[in-house]
Amino acid sequence: MGVMRIGHASLKVMDIDAAVKHYENVVGMKTAHREKDGSVLLKCWDEWDKYSLILTPADRAGLNHVAYKVENEGDLDVLAKRVKDWGVAVEQVPAGGLPFCGRSLRMTLPSGHQMYLYAKKELVGKDVGVTNPDPWPDDIRGAGAHWLDHCLLMAEVDPAKGVNKVAETTKFLMDTMEFHLSEQIMGGPDGSVQLATWLFRTTTPHDIAFAPAPVPGLHHISFFLDDWNSIKHAADVMAKNKVRIDVTPTRHGITRGETVYFFDPSGNRNETFAGLGYLAQPDMPVITWTEAELGRGIFYHTGQLNEAFLKVST
């Protein structure tokens, strides 16, 4: 029962044509549908639902919303009550409120981000089919991302003001939607401040994560690749397409993931992420990183913090 996985992210972009070109030619997605308002829906080749990314024309970059898919239609009613009882307002959205989806729930997380929950989205199938499928499609492009994997959102943390939206949102998701905490960064004078969290509903190290910032924002959306060689190939694709790379191929200590960070033409940060890291299970002890080891947790190879990586968000 409950949340299964990330369903899609909706991003604001300032040049829709440049954005579509980026997500098709660099990430390797395909356009699935164009809306009358100019929005474009895209999917990865290994996904079976209609889309996992919505791009909407806007005058600035950023996140419109993130949506997670639940297992059954009845779960929406259970989750709506839990969210309301927790003290967060929830709105029932009729079928079609999200493109090609059944009814959904809309709420604003304590972090300030808008989230949808839905149970049904139009099924279109993987590009390789489900009968005697090949391991990849012949027309794969760019990095050839398999699927939208997770997102990292920025939330306010200010111990001086008694504000910690990272901890509050983490508790909200665990209490209402049964997310599990895989890793955390603890800091502050006595190490008691929860600065960042990684949460999961599947068996990967994280399906959503939160990090501190002065205001709510999007740090990145992430796309899954096979392995380290795929990460290096993705970086080559980015260089060939003159994409602005934020962090060249490296490994995280947190989640153990192999990674490249880069930006779409509007400045929304993307990641290609490889390696499942470890098998996340509800009874797994929480992995804790101390503030002193933050550099190694984020960039395991160098152990050096990149201030822009921590501060730039949309």
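- Between Ile6 and His150, the closest side-chain pair of non-hydrogen atoms is not below 4.5 Å.
- In this structure, His220 has its ring center closer than 6.0 angstrom to the ring center of Tyr261.
- Atom CZ of Arg201 and atom CE of Met177 lie 10.5 Å apart (nearest 0.5 Å).
- Atom CH2 of Trp228 has more than 12 neighbouring heavy atoms from other residues, nucleotides or ligands inside a 6.0 Å radius.
- For the atom pair Leu294 CG and Leu305 CG, the distance stands at 4.5 Å (nearest 0.5 Å).
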Steps toward side-chain contact (heavy atoms from CB on, under 4.5 Å) verdict (Leu109, Leu173): CA-CA 9 Å; Leu109 300 176; Leu173 291 175; 4.2 Å; yes
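- Rounding to the nearest 0.5 Å places OG1 of Thr56 at 8.0 Å from CG of Asp37.
- Results of the salt bridge (charged side-chain N to carboxylate O under 4.0 Å, His left out) test with Asp49 over Lys69, Lys43, Lys126, Lys121 single out Lys69 as the only residue that passes.
- The neighbour count for Asp138 CG, taken as heavy atoms of other residues, nucleotides or ligands under 6.0 Å away, does not exceed 12.
- Centroid-to-centroid, the aromatic rings of Trp147 and Phe223 stay 6.0 Å apart or farther.
- Checked against the 6.0 Å centroid criterion, the rings of His252 and Tyr300 do not qualify as a close aromatic pair.
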Stepwise ring pair (Phe, Tyr, Trp, His ring centres under 6.0 Å) check, Tyr68 with Tyr116: CA-CA 6 Å; Tyr68 282 75; Tyr116 283 83; over 10 Å; no
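- Using modelled atom types, no side-chain atom of Ser266 and backbone atom of Asn268 make a donor-acceptor pair closer than 3.5 Å.
- For the pair Leu195/Val166, no side-chain contact is recorded, criterion being any heavy-atom separation below 4.5 Å from C-beta on.
- Side-chain atoms of Thr169 come within 3.5 Å of backbone atoms of Lys165 as a donor-acceptor pair (strictly under, hydrogens ignored).
- Formation of a donor-acceptor pair under 3.5 Å by the Glu47 side chain with backbone atoms of Leu148 is found in this model.
- Checked against a 6.0 Å centroid threshold, the rings of Phe200 and His206 do not count as neighbours.
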